[in-house]
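One structure is given here, and the rest of the page talks about it.
Lettering of chains follows the sequences in order, A, B, ..., and the numbering in each one begins at 1. None of the values given here were measured: they were computed from a predicted structure.
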Amino acid sequence: MSSKVRVRFAPSPTGLLHIGGLRTALYNYLFARHHGGTFVLRIEDTDQARYVEEAGQDILESLAWAGLHPDEGPVAVRDEQEQEYKGNYGPYHQSRRRDRYAMYASQLVDAGYAYYAYDTVEEIESMRDRLRTAENPNPKYDAQTRMQMRNSLTLSEPELQELLEEGAEYVVRLKVPAGETVQFEDLVRGPVSFETEGLDDQVLLKGDGLPTYHLANVVDDHGMEITHVIRGEEWLSSAPKHILLYRYLGWEPPAMAHLPLIMSPSGGKLSKRKAEEEGIPVNVRDYRRERYDRDAVVNFLALLGWSPGDDRELLTLEEMIRDFSVERVGKSGAIFDFKKLLWFNEQYMRNRSDAELAAELEELIRERGLPGKDSLTEMEQQRATDTDFLAGVVRLLKERVSLLPEFLEAGAFFFDAPVDFDEKSVRKGWKEDTPARVSLYRDRIAGLEDAAFRADELKRILTEIVEAEGVGFGKLMMPLRVAVTGAGSGPDLFETLELLGRDEVLQRLGTALEKL
RNA sequence: GCCGCGUUCGUCUAGGGGUCUAGGACGCCGCCCUUUCACGGCGGUAGCACGGGUUCGAAUCCCGUACGCGGUACCA
């Protein structure tokens, strides 16, 4: 390999980082690491109109959360003026590299590969209106129409001079040649070719002096010595324009790989609106907030369009790095399977220690309280900050939840007595002879020392009672469960009782005996 | 409309001329475990879009059709 691999993830700060964007970043990251190359983060903020203030920070935080640390790029976003970078190819915000785009744009004009265009938006729109037909709903500004427009190809020298003097606004457009075939080898798709007839005279430099994506990305990829462009399939159609630009600028184009899109379950790009309608979070921030396991998300995303080639599904980052290759990336769009993501999350969550999860739970409660509660009771408060207690909750619920916040929902009864009892379970299990047995059990466990209030002992006592009465285990176990947890199912009852503690259990039993 | 790309179980995918009566995973269903539920174990369900070629032989190669997706901006 002649030159060292350098790839970039180049998001636009027009919104929060999208989950699909994270996958693109991941593939770039894996590719870079696999080849011992460099992973660059570049912010493509050339669209003033769509700029979103918090987006830059969100991109940095989201990548860091996922563990995809760029080797070069912005380190921290302070404010507009003050940016901190790492790497020798900066600045890594396109808005701060504007001079070079203008320079290359005029170089292209001088060489006859581009031209100045003075058409107003209205003029272009009226040209499109004039030419629009059912057969051609989107007329292009191209070799056919450019000679009817107001640009440096059609205007006379004096006219141009006048426009220049009055400081008229202009754009620079690429002069796409007619009758050529642009071909290139896509690392994912193989040979791809386009006829220049289908291309328009793309604006390279906008009226505000900033470049469009097309110019900026070519200039920067070359300037930053990017060797492989790995990006979403939505860019495939504009790739020939980029190839043309590399040619006209006299540069060697980087290798390209266009990734299949992530699709919504109902089809089409996984757009924000569509995804959320289907219960799928689209912003990486949502995954962070809902405390998804980062490794699970990364693992899931890696397999959405790529496969290691064998049956492994649970892969560590190291394994992904070792086995990643663009050749093994699929060509067709992948539907976001939310249930499978949950499965990954369960797998990773169960592999983590109770203490670790308990600490996260504590933080979660501190941040947003308990579900459905405006404020915490004294007992809830006390238990929510007791890490041993929380670890106990985790241990009992770990195998039954998919997402971290679910511990709080499924385990609400651990924090305070249930407010009501599951009707169906009561109807099924709470009969006339039940109160007597429950009372008996209560009396028996009331006499236990704290140290003896343990699951095995609690179970032994119950067994004794049901055997003495000659009834089934469930005749007493189920009523106890409803009385203590309010529900007809849940984690092991005796473990639950032990965690709750004697006094609390006795009190709940008393309440149930009164109410039921 | 035009241009480009794609199409293996519901979903993610393996498979790249014979080893494919197409493998794995998620989901779903059933059974076992558990005197709850879940976890787990076992089993099942379900697929090469269609039509032509090429070939002794095609899920695999070629062509066409259909369908899907992307692009068609002074957005990225």
- Task: Take atom C1' in B:rG47 and the same atom in B:rU11, then report the distance between them in whole Å.
- Result: 12 Å
- Task: Please report, rounded to the nearest Å, how far the P atom of B:rU36 is from the NZ atom of A:K424.
- Result: 15 Å
Tabulate protein N/O versus nucleotide N/O from nucleotides 45-50 of chain B, keeping only pairs under 3.5 Å, one per line.
none

- Item | Heavy-atom closest contact (A:G486 atom, A:P418 atom, distance) | N-CG, 3.8 Å
- Task: Identify whether any heavy atom of A:S193 sits under 4.0 Å from a base atom; if not, whether one sits that close to sugar-phosphate; answer base, sugar-phosphate or nothing.
- Result: sugar-phosphate
- Message: Partner lookup for B:rG16, please. Criteria are Watson-Crick or G-U wobble with both distances under 3.5 angstrom; report none if nothing qualifies.
- Response: none
- Note on the structure: Under a 4.0 Å heavy-atom criterion, the protein footprint on nucleotides 59-76 of chain B, written with B, S and -, is ----------SBSB-BBB
- Task: Please state whether the rings of A:W235 and A:Y213 are parallel, tilted or perpendicular, taking 30° and 60° as the class boundaries.
- Result: parallel
- Message: Would you say the rings of A:F300 and A:F336 are close, in the sense that their centroids are separated by under 6.0 Å?
- Response: yes
- Query: Are side-chain heavy atoms of A:R173 and A:N151 found at a separation under 4.5 Å?
  - Reply: no
- Query: A:D492 near the nucleic acid: base, sugar-phosphate alone, or nothing, with a heavy-atom cut-off under 4.0 Å?
  - Reply: base
- Message: Work out how far the C1' atom of B:rC39 is from that of B:rU34, and round it to whole angstrom.
- Response: 10 Å
- Message: Ring centres under 6.0 Å, that's the criterion: do A:F324 and A:W306 meet it?
- Response: yes
- With a 4.0 Å cut-off on heavy atoms, is A:R231 in touch with a base, just the backbone sugar-phosphate, or nothing at all? nothing
- Message: Only pairs with both distances under 3.5 Å count, Watson-Crick or wobble alike; so what is the partner of B:rG1 in this structure?
- Response: B:rU72
- Centroid-centroid under 6.0 Å between A:Y246 and A:H222 rings: no
- Item | Sub-4.5 Å side-chain heavy-atom contact between A:E457 and A:L462 | no
- Message: Please give the distance between the P atoms of B:rU13 and B:rC56 as a whole number of Å.
- Response: 36 Å
- Query: With both distances kept under 3.5 Å, what pairs with B:rA59, Watson-Crick or G-U wobble?
  - Reply: none
- Approximate separation, where rounding is to 0.5 Å, of A:M127 CE and A:I124 CD1: 6.5 Å
- B:rG64 and B:rG41, which share atom name P, separated by this distance in whole Å: 48 Å
- Item | Under 3.5 Å on both distances, the Watson-Crick or G-U partner of B:rU21 | none
- Answer yes or no: is there a donor N or O on one side and an acceptor on the other, between the side chain of A:R132 and the main chain of A:P137, under 3.5 Å? yes
- Message: Go nucleotide by nucleotide along RNA chain B from the 5' end; which of A:A334 and A:G474 gets its closest nucleotide reached first?
- Response: A:A334
- Message: Counting only Watson-Crick pairs (N1-N3 plus N6-O4 or O6-N4) and G-U wobbles (N1-O2, O6-N3), all under 3.5 Å, who is the partner of B:rG43?
- Response: B:rC29
- Identity of whatever pairs with B:rA66 - Watson-Crick or G-U, under 3.5 angstrom: B:rU7
- Item | Pairwise P distance for B:rC20 and B:rC33, with rounding to whole Å | 35 Å
- Task: Please confirm whether the backbone N or O of A:P491 pairs with a side-chain atom of A:R481, one donor and one acceptor, at under 3.5 Å?
- Result: yes
- Item | pair A:D58-A:R285: side-chain heavy atoms closer than 4.5 Å | yes
- Note on the structure: With A:D221 as partner, the option from A:H228, A:R42, A:H242 fulfilling side chain to side chain donor-acceptor pair (under 3.5 Å) is A:R42
- Message: Distance check, P atoms only: B:rU8 and B:rG15, in whole angstrom units.
- Response: 14 Å
- Item | Separation of B:rC39 P from A:N351 CG (nearest whole Å) | 16 Å
- Note on the structure: Rounded to whole Å, the NZ-P distance (A:K331 to B:rC12) equals 16 Å
- Query: Between atom CG in A:L259 and atom P in B:rG6, what is the gap in whole Å?
  - Reply: 14 Å
- What is the distance, rounded to the nearest whole Å, between atom NE2 of A:H242 and atom P of B:rG4? 17 Å
- B:rA14 C1' sits how many Å from A:W306 CH2, rounded? 13 Å
- Query: For atom P, what is the distance between B:rC12 and B:rG52, given to the nearest Å?
  - Reply: 28 Å
- Item | B:rA14 and B:rU60, which share atom name P, separated by this distance in whole Å | 16 Å
- Query: Separation of A:E495 atom CD from B:rU36 atom C1', in whole Å?
  - Reply: 15 Å
- Message: Heavy-atom nearest nucleotide on RNA chain B for A:I335 versus A:V466: which residue maps closer to 5'?
- Response: A:I335
- Task: Could you state the atom-to-atom distance from CZ of A:R189 to P of B:rG6 in whole Å?
- Result: 6 Å
- Task: Answer whether the closest heavy-atom distance between the side chains of A:F414 and A:L500 falls below 4.5 Å.
- Result: yes
- Query: Salt bridge check: are A:R146 and A:D142 linked by an N-O gap of less than 4.0 Å?
  - Reply: no
- Note on the structure: For nucleotides 18-34 of chain B, 5' to 3', base contacts (B), sugar-phosphate-only contacts (S) and non-contacts (-) with protein non-hydrogen atoms under 4.0 Å give -----BBBBS-------
